[in-house]
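Because the structure is a prediction, the values reported are computed rather than measured. Along the sequence shown, the residues carry numbers beginning at 1.
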Amino acid sequence: TVTNTLWLMQPITRDTASLLSISLSNKKQTLYSWPCFRPHIAHRHSAESIKLDIKRHSIWINSGDGLIEFSIDKKTFQHINGINELLLKPKYDRGVGVTLDELGNVWFCSYSHGIFIYNPLKDILWPLFSDEDQQQLIGNENLNIYSSGDGIMWVNNWSGKGLFQLVPKL
């Protein structure tokens, strides 16, 4: 990264998750753990996917606590309030994928409710598809969301059901 640091998820368990930073210049390792942002709701606290946001100098995390932004400068975690309504839906569970599109929107997945797009500048959230069945189909078993940088998004799943190409009209 611009800070000459490698960032990794560490470890992946049901109840805990942290970011591990490893300095590439001196090999120093530092662990950053976030607090539980949903203490009154039973949920997985873990995460499996992160995305570096070079423009905002932050890291986006798709966690059981919802979408979280880690400030690389301040070394702090911020829960994204713009997704609170999604977190209150029945059976909400985080998926794996998280990425940025060419406009700076954050794409992330919920297994039970599909892929959502979050605009950090306006603090608004919308589903990829308006049809709930399509949303659930694309979210179920999601493994990765990848932006190719040319406006095309790619989605795959861990069960081997396929690789999907999405050409959004944002």
Side-chain angles (χ1 to χ4, degrees), residues 1-10 12 17-21 30 32-39 41 43-89 92-130 132 134-136 138-139 142-156 164-170:
T1 68
V2 291
T3 60
N4 203 30
T5 303
L6 177 65
W7 293 93
L8 305 167
M9 286 300 311
Q10 183 80 18
I12 300 171
S18 303
L19 280 176
L20 175 66
S21 73
T30 307
Y32 299 94
S33 298
W34 62 87
C36 179
F37 290 107
R38 300 171 64 203
I41 300 171
H43 66 283
R44 294 189 291 175
H45 188 65
S46 64
E48 296 179 57
S49 187
I50 61 175
K51 179 62 179 177
L52 177 66
D53 188 335
I54 294 172
K55 286 183 187 175
R56 294 182 186 91
H57 217 232
S58 64
I59 296 172
W60 294 95
I61 305 165
N62 184 10
S63 84
D65 288 300
L67 188 62
I68 298 172
E69 183 179 18
F70 176 76
S71 168
I72 293 173
D73 296 330
K74 297 176 186 174
K75 307 294 189 274
T76 57
F77 294 92
Q78 177 181 337
H79 170 75
I80 305 304
N81 292 324
I83 71 158
N84 284 343
E85 187 176 320
L86 173 62
L87 296 176
L88 295 173
K89 288 188 174 205
Y92 176 82
D93 188 17
R94 62 132 177 105
V96 177
V98 62
T99 197
L100 297 168
D101 65 22
E102 58 193 19
L103 300 175
N105 296 313
V106 182
W107 291 51
F108 67 100
C109 183
S110 159
Y111 284 135
S112 50
H113 300 290
I115 294 175
F116 288 85
I117 304 165
Y118 172 71
N119 180 314
L121 297 176
K122 296 179 181 178
D123 194 33
I124 57 172
L125 176 77
W126 65 93
L128 177 60
F129 297 112
S130 58
E132 286 186 28
Q134 284 182 314
Q135 273 292 95
Q136 190 167 18
I138 198 83
N142 172 261
L143 181 60
N144 293 302
I145 305 171
Y146 174 76
S147 172
S148 60
D150 57 0
I152 298 175
M153 306 297 282
W154 296 90
V155 178
N156 73 335
F164 303 95
Q165 178 187 32
L166 306 170
V167 184
K169 296 180 181 178
L170 300 174

Measuring from atom [atom1] of [X] to atom [atom2] of [Y], what distance do you get when rounded to the nearest 0.5 angstrom?
X	Y	atom1	atom2	value
Leu121	Asn105	CG	CG	8.0 Å
Leu20	Leu6	CG	CG	7.5 Å
Trp60	Leu67	CH2	CG	5.5 Å
Ser18	Phe77	OG	CZ	7.0 Å
Cys109	Leu128	SG	CG	10.0 Å
Met9	Leu19	CE	CG	5.5 Å

Of all the heavy-atom pairs spanning [X] and [Y], show the shortest one and how long it is.
X	Y	result
Met153	Ile145	CE-CG2, 4.1 Å
Ser147	Leu100	CB-O, 3.1 Å
Trp7	Ile50	O-CD1, 3.7 Å
Gly104	Pro120	O-CD, 3.6 Å
Ile68	Ser63	CD1-OG, 3.3 Å
Leu103	Asp101	N-OD1, 2.9 Å

Counting N and O atoms only, with roles assigned by atom type, does the side chain of [X] sit under 3.5 Å from a partner on the main chain of [Y], one being a donor and the other an acceptor?
X	Y	answer
Asn62	Gly97	yes
Asp123	Gly82	yes
Ser71	Thr76	no
Gln135	Ile115	yes

Any non-hydrogen side-chain atom of [X] less than 4.5 Å from a side-chain atom of [Y]?
X	Y	answer
Trp107	Thr99	yes
Phe70	Trp34	no
Val98	Ile61	no
Ile80	Phe108	no
Ile54	Leu52	yes

Handout entry: More than 12 heavy atoms of other groups within 6.0 Å of Glu132 CD
Key =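 Open: at most 12 neighbouring heavy atoms sit under 6.0 Å from CD of Glu132.
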